[in-house]
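Working notes, beginning with the structure itself.
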Amino acid sequence: MMISDGIEDEEKWLAEGIAGIQHNAFYLHRALDSNNLREVLKYSAQLLSELRTSKLSPHKYYELYMRVFDELRRLEMFFKDEDRHGCPVVDLYELVQHAGNILPRLYLLCTVGSVYIKSKEAPAKDVLKDLVEMCHAVQHPIRGLFLRSYLTQISRDKLPDIASDYEGEGDTFMDAVEFVLQNFAEMNKLWVRMQHQGPMREKEKLDKERNELRDLVGKNLHVLSQIEGVDLEIYRDIILPRVLEQVVNCKDELAQYYLMDCIIQVFPDEYHLQTLETLLGACPQLQSAVDIKTVLSGLMERLSNYAASSPEVLPEFLQVEAFTKLSNAIGKVIEAQVDMPVVGAISLYVSLLTFTLHVHPDRLDYVDQVLGACVRKLSGKAKLEDSRVTKQVVALLSAPLEKYDDVVTALTLSNYPRVMDHLDAATNKIMAMVIIQSIMRNSTSVSTSDKVEVLFELIKGLIKDMDGTSTDDLDEEDFKEEQNSVARLMHMVYNDDPEEMLTIINTVWKHIMAGGPKRLPFTVPPLVFSALKLVRKLLGQDGDVAGEEAPANPKKIFQLLNQIIEALSIVPSPELALRLYLQCAEAANDCDLEPVAYEFFTQAFVLYEEEVADSRAQVTAIHLIIGTLQRMNVFGVENRDTLTHKATGCGAYHASLIPMGLNRRSTLRLMRVGEGKLIRVLLCLKRSLRIANAAQQMVNVTRGSSGPVTLFVEILNKYLYFFEKGSPQITTAAIQGLVELIKTEMQSDSTTSNPSSDAFFASTLRYIQFQKQKGGAMGEKYDPIKL
Amino acid sequence: MVLVLALGDLHVPHRAADLPPKFKSMLVPGKIQHVICTGNLCVKEVHDYLKTVCPDLHIALGEYDEETRYPETKTLTIGQFKLGVGHGHQVIPWGDLDSLAMLQRQLDVDILVTGHTHQFTAYKHEAGVVINPGSATGSYSSINYDVNPSFVLMDIDGLRVVVYVYELIDGEVKVDKIDFKKTTASST
């Protein structure tokens, strides 16, 4: 209720003030038109009296002020033109001091003063000195601030600067500096005093009002920075100490925060670099509530940009020991402000780190130092729970990764893992993912086992269950993504030297072996293929494949591979393990290691017989076993026979339980094994035909199906394959017989037509026709077959 | 003009981290009408990526694929051509042309696309074409020692198909092409 009344009242007072101004302005303009000095002075004084109010908030006062300001411009033009009023400016200066009330008097004085300086009838410095001191008489904060602001405005272009019109004997830019510094100091005092005057108000509202006026104070600093005569020495020896004195002594947090920031923004970076110690020295002296970290961050950011845009100044940074000074200052601030929350301290370190990465990227010791300071700050506390702190720590850890293309550099920072240890498990994993993504993005290769060790230590949150967590808690999609990232990472870990590479593989294995049944299916395959690639590399080297004395030789690697694939049994992952064993068998074959290859096959068979239960999986497994076996050339007759026999057995195993079609086809594939062992081939073929015939009988009992027809066409195709290869057991008669059989079957009543087997038969017949028409040896071969 | 991308055996992440960047920058979404994949992606991420290149995606099941519901073989008709795709580990001896021809007859297709050997091949025989796009990531193969990343782009226009093969050799993408023409339109 009271507040709305207040606002309403303010509006009323403002309206009254504006009305007053307009009223007097009317008469003022008339007086100006008739060049009546007395009347001009009278009405302008009355007009200016409206600014004597203490009822308005700064915002509304400003509105009033702007209207007055416009009128004062007209007034100044009038004063300047002596012909109009006939009064010399010296006398005018005297005359206006007769105005009754102090505030109008001073506004008029400043206005005349402006004309006075322009006339050059008196040295600028004298007039300015006079004015800045006379303004002392107005101690009301808002009125005083606006008055002095007016003084700043009209004096701006009249300062006795180097090469200005107002430079004169004894009139130097130092006088200008002195003038502005004095005005600044007084304005700051008034501004600070605002909080104690007027009716009781909430702090927030008060701060808001004060903030509205802050640029009036800050303007003086701008003016100082524009004075041409000011150089580094003047700034360092005179300006900065005076300004800082004001800042520290006023003991007002709002002012301190704003002014520190203002200094940093307004004056050039080269000055800051050279006065770093002084500037930073003020920080611990400020009120504890001042958000100094934002100020410091702002400073460091400016300096970073300075370094980035002008690389030639980098030596200067070293010379003034910028890093050390900033680092110490931050330490002191954190120490002094005991209530500063952890998030504040860490964010300061983030700024310092960013600075370091920009300015001294080659100084890894500096980077490590910053991380070390964080570790100290975080130590003694439990794992981080505050998400804001966590965010800052992640930013801290990500910065070096972004800066250094070679992520491995970050890995050499001794404090890096220590900082990571303070993260909670979930964030630790996120950070580990960030590291991996950084490596993938930059295609960095991690090439020594030491670095691999450090890397896998850093990402241990992804590789095994950390204390208090288990894989059951995880979202499945997230988990897969994590593990696939680890898998991808393994392709970036590589060294050309076989010995080193083997050490690397062993290191990786050491880390991932503890991953548990959920992780191994993801992490084992890439490691296995890394090892197989190494084997192949060894094969490619000159001379003998490395003998057994060599530290890195295929046999050793196969032993390791066996161990690694064996670990999949805890998952259990028999199908995957089977595939990997077969891959190893092929590689062993290429190395001429018969017993090793045989052993791998044995393992594969064991898995097939004992663990692969699903029938579709069995068929695929059989294909892979047979396909691999077909390519083996290292086996002697005995071993080869044993394995082939086993494979055939697998195909026929569970004959009655496996759905019809799948089993027969597997048997057909067996014919690929043992090229040259034609008798076995024939046996298989005949057995297939028998089984297919049996199937036909079964089919006649059950509902009609064309299952057998498809099989017959398949068998026909196999016949043609071996026929072309020259197998004497496959005669043209046999082929002709089978063709007739199929045709009969297809026309039979009990067979429902199947478009795909029809098409298959048709394309087969087309093929036979094609071969017949080829002419030459092939044509002759096929000639007896009639379609 | 219909563009068909044929690729496979990426083996991500078992044997390779990702497609080569030079390939990725060539496979711009919206330019290709069909994608035929011989299998062994192996993970969903690769499936999703291929889907962004072209939504009409046909995949055959490879022995390492995470998604086991892909079909063992698939046939589709594009323009005047019947195409078939399978991974190829089921056809023994692996890579044997005559055995592949048998599969082609069984599926009754003009163009058969299979993989598994990580070796680009394109054979013309009888009235058909047998294509192996190789491994798109150039990943390890027990069958083929010298694997360069490769994929195939088919441009089907009426009765003619131009097969472009892209191979990454020593960091440079090399292109080759082969022309095939059907003698007769396919019967429906």
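Throughout, protein chains are lettered first and strands after them, A, B, ... in sequence-line order, and every chain is numbered starting at 1.
Rounding to the nearest 0.5 Å gives a distance of 9.5 Å between CE of Met490(A) and NE2 of His14(B). The NE2 atom of His116(B) lies 6.5 Å from the CG atom of Leu624(A); values are rounded to the nearest 0.5 Å. Taking CD1 of Ile626(A) as the start and CD of Gln90(B) as the end, the distance is 12.5 Å to the nearest 0.5 Å. Atom-to-atom distance recorded for Leu576(A):CG and Tyr64(B):OH is 7.0 Å, nearest 0.5 angstrom. Taken to the nearest 0.5 Å, the CG atom of Asn484(A) stands 5.5 Å off from the CD atom of Glu45(B).
When side chains are defined from C-beta on, Thr620(A) counts as touching Glu72(B), because their heavy atoms get closer than 4.5 Å. Put simply, the side chain of Lys44(B) does not reach to within 4.5 Å of the side chain of Lys480(A), judged on heavy atoms. Two residues are said to be in side-chain contact when any heavy atoms from C-beta on lie closer than 4.5 Å; Val12(B) and Arg488(A) meet this criterion. Residues Asp108(B) and Arg766(A) form a side-chain contact, since some pair of their non-hydrogen atoms from C-beta on lies under 4.5 Å apart. Put simply, the side chain of Phe529(A) does not reach to within 4.5 Å of the side chain of His11(B), judged on heavy atoms. Side-chain contact check for Glu575(A) versus Glu63(B): every heavy-atom pair is 4.5 Å or farther apart. The closest side-chain heavy-atom distance from Arg579(A) to His89(B) is not below 4.5 Å. Inter-residue side-chain proximity for Asp98(B) and Lys725(A) is flagged as met; some heavy-atom pair is nearer than 4.5 Å.
For the set Lys774(A), Arg536(A), Gln583(A), the count of heavy-atom pairs under 4.5 angstrom toward chain B peaks at Arg536(A). Between chain B and the residues Thr764(A), Leu532(A), Leu720(A), the most heavy-atom pairs under 4.5 angstrom are made by Leu532(A). In terms of heavy-atom pairs under 4.5 Å with chain B, the best-connected choice from Phe761(A), Phe522(A), Tyr767(A) is Tyr767(A).
Contact record, Gln106(B) with Phe760(A): CA-CD1, 3.1 Å, taken as the closest heavy-atom pair. Counting all heavy atoms, side chain and backbone alike, Tyr145(B) lies closest to Asp590(A) at OH-OD2, 2.8 Å. Considering every non-hydrogen atom in both Ile92(B) and Gly627(A), the closest pair reads CD1-N, 3.7 Å. Pro526(A) and Pro13(B) make their closest contact through CB-O, 4.0 Å (heavy atoms, listed as atom of the first residue, atom of the second, distance). Minimum heavy-atom separation, Arg631(A) to Ile143(B): NH2-CA, 3.4 Å.
Heavy atoms of Ser141(B) lying under 4.5 Å from chain A belong exclusively to its backbone. Heavy atoms of Met440(A) lying under 4.5 Å from chain B belong exclusively to its side chain. For Thr523(A), no part lies near chain B; criterion is any non-hydrogen pair under 4.5 Å. Of the two parts of Leu61(B), only the side chain, counted from C-beta on, holds a non-hydrogen atom closer than 4.5 Å to a non-hydrogen atom of chain A. Looking at Ala16(B), the atoms closer than 4.5 Å to chain A (heavy atoms on both sides) all sit in the backbone: N, CA, C or O.
Other residues, nucleotides and ligands contribute at most 12 non-hydrogen atoms within 6.0 Å of the NZ atom of Lys177(B). The environment of Lys31(B) atom NZ is sparse: at most 12 non-hydrogen atoms of other residues, nucleotides or ligands sit within 6.0 angstrom.
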